[in-house]
Amino acid sequence: MTDFEQNDGLGPEGSYFEAKAQAEEKAKRAKSDAMFPIWISILYIVLGVLFNLWHPGWLLFFAIPLHYMRPKNTMDLLTNPVMITLIYLVLGFFFNLWHPGWLIFLVIPLWPMMKKHG
């Protein structure tokens, strides 16, 4: 049983207001999480209709799984497979670096090994 449950809804220090603020923040985050895919879809449609950026605009949809992953640090965000794929596609589409760009996929198996030994 956690401290929160043992104190009947009170925070670890016993503050009712602290527990209430945490609950409100959690509810606010849940609402934001629910709206995120809708905002990305609206942004995609706006980019497509107003600026005819349908092709590179679809890369925005990679932001949806990245938003929900909540990595512990920046390196975990930059080295997860979804971000690696996004970086590869950006390198290819915008800079035509398909050939050396594929090397970035080597980060996926190498990062956990480096993290374990470092």
Side-chain angles (χ1 to χ4, degrees):
M1 192 175 271
T2 65
D3 289 333
F4 185 78
E5 292 168 344
Q6 288 175 348
N7 293 334
D8 297 322
L10 300 178
E13 288 80 29
S15 169
Y16 166 77
F17 297 105
E18 180 182 316
K20 185 176 177 183
Q22 288 175 353
E24 288 173 357
E25 182 64 32
K26 188 175 180 181
K28 182 179 173 185
R29 180 70 183 204
K31 191 181 292 187
S32 171
D33 283 352
M35 291 298 295
F36 190 75
I38 295 168
W39 288 117
I40 292 294
S41 299
I42 290 169
L43 181 59
Y44 171 69
I45 291 170
V46 167
L47 285 173
V49 171
L50 295 180
F51 304 107
N52 199 24
L53 293 173
W54 298 105
H55 167 55
W58 65 268
L59 293 172
L60 285 172
F61 289 105
F62 279 95
I64 296 172
L66 291 172
H67 175 76
Y68 292 110
M69 286 181 184
R70 294 195 193 13
K72 295 175 187 149
N73 57 41
T74 305
M75 283 308 291
D76 285 344
L77 174 68
L78 291 174
T79 58
N80 72 60
V82 176
M83 181 62 89
I84 295 293
T85 304
L86 178 62
I87 292 169
Y88 172 70
L89 291 173
V90 167
L91 285 172
F93 288 138
F94 293 108
F95 304 106
N96 202 24
L97 294 173
W98 297 104
H99 168 57
W102 67 267
L103 292 169
I104 198 166
F105 284 104
L106 296 176
V107 171
I108 296 171
L110 292 176
W111 175 248
M113 289 188 294
M114 289 174 24
K115 198 162 78 170
K116 185 193 295 186
H117 295 296

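The model shown is predicted, which means the values in this text are computed figures rather than measured ones. We number each residue from 1, following the sequence as shown.
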To the nearest 0.5 angstrom, please state how far the [atom1] atom of [X] sits from the [atom2] atom of [Y].
X	Y	atom1	atom2	answer
I87	L59	CD1	CG	12.0 Å
F105	T85	CZ	OG1	4.5 Å
L91	I104	CG	CD1	6.0 Å

query = What closest approach, in Å, do M69 and V82 show between heavy atoms, and which atom pair accounts for it?
reply = CE-CG2, 3.4 Å

request  = Work out which heavy atom in L77 is nearest to a heavy atom in M83; give both atom names and the distance.
outcome  = O-CB, 3.3 Å

Below 3.5 Å, can you tabulate the donor-acceptor pairs from side chains in residues 108-118 to any protein atom, sequence neighbours excluded?
residue : atom : partner : partner atom : Å
W111    : NE1  : D76     : OD1          : 3.4
W111    : NE1  : T79     : OG1          : 3.3
K115    : NZ   : D76     : OD1          : 3.2

Side-chain donor-acceptor pairs of residues 24-39 under 3.5 Å, sequence neighbours excluded:
residue : atom : partner : partner atom : Å
D33     : OD1  : H67     : NE2          : 2.9
D33     : OD1  : R70     : NH2          : 3.1
D33     : OD2  : R70     : NH2          : 2.3

task = Taking ring-ring contact (aromatic ring centres under 6.0 Å, His included) as the test, write out the residues that go with F62, two or more places apart.
result = none

ask   = What residues, two or more places apart in sequence or in another chain, satisfy side chain to side chain contact (heavy atoms under 4.5 Å, CB included) together with A21?
value = none

ask   = Can you list every salt bridge (Lys or Arg N to Asp or Glu O under 4.0 Å) pair that touches residues 82-109, not counting sequence neighbours?
value = none

task = For side chain to side chain contact (heavy atoms under 4.5 Å, CB included), just list the numbers for V107 and L78, CA-CA rounded to whole Å, side-chain angles, deciding distance to a tenth of an Å, and then say yes or no.
result = CA-CA 10 Å; V107 171; L78 291 174; over 6 Å; no

Can you give me every donor-acceptor pair (side chain of residues 44-58, partner residue at least two apart or in another chain, under 3.5 Å) with its distance?
residue : atom : partner : partner atom : Å
W54     : NE1  : G48     : O            : 3.2
H55     : ND1  : W58     : NE1          : 3.2
W58     : NE1  : H55     : O            : 2.5

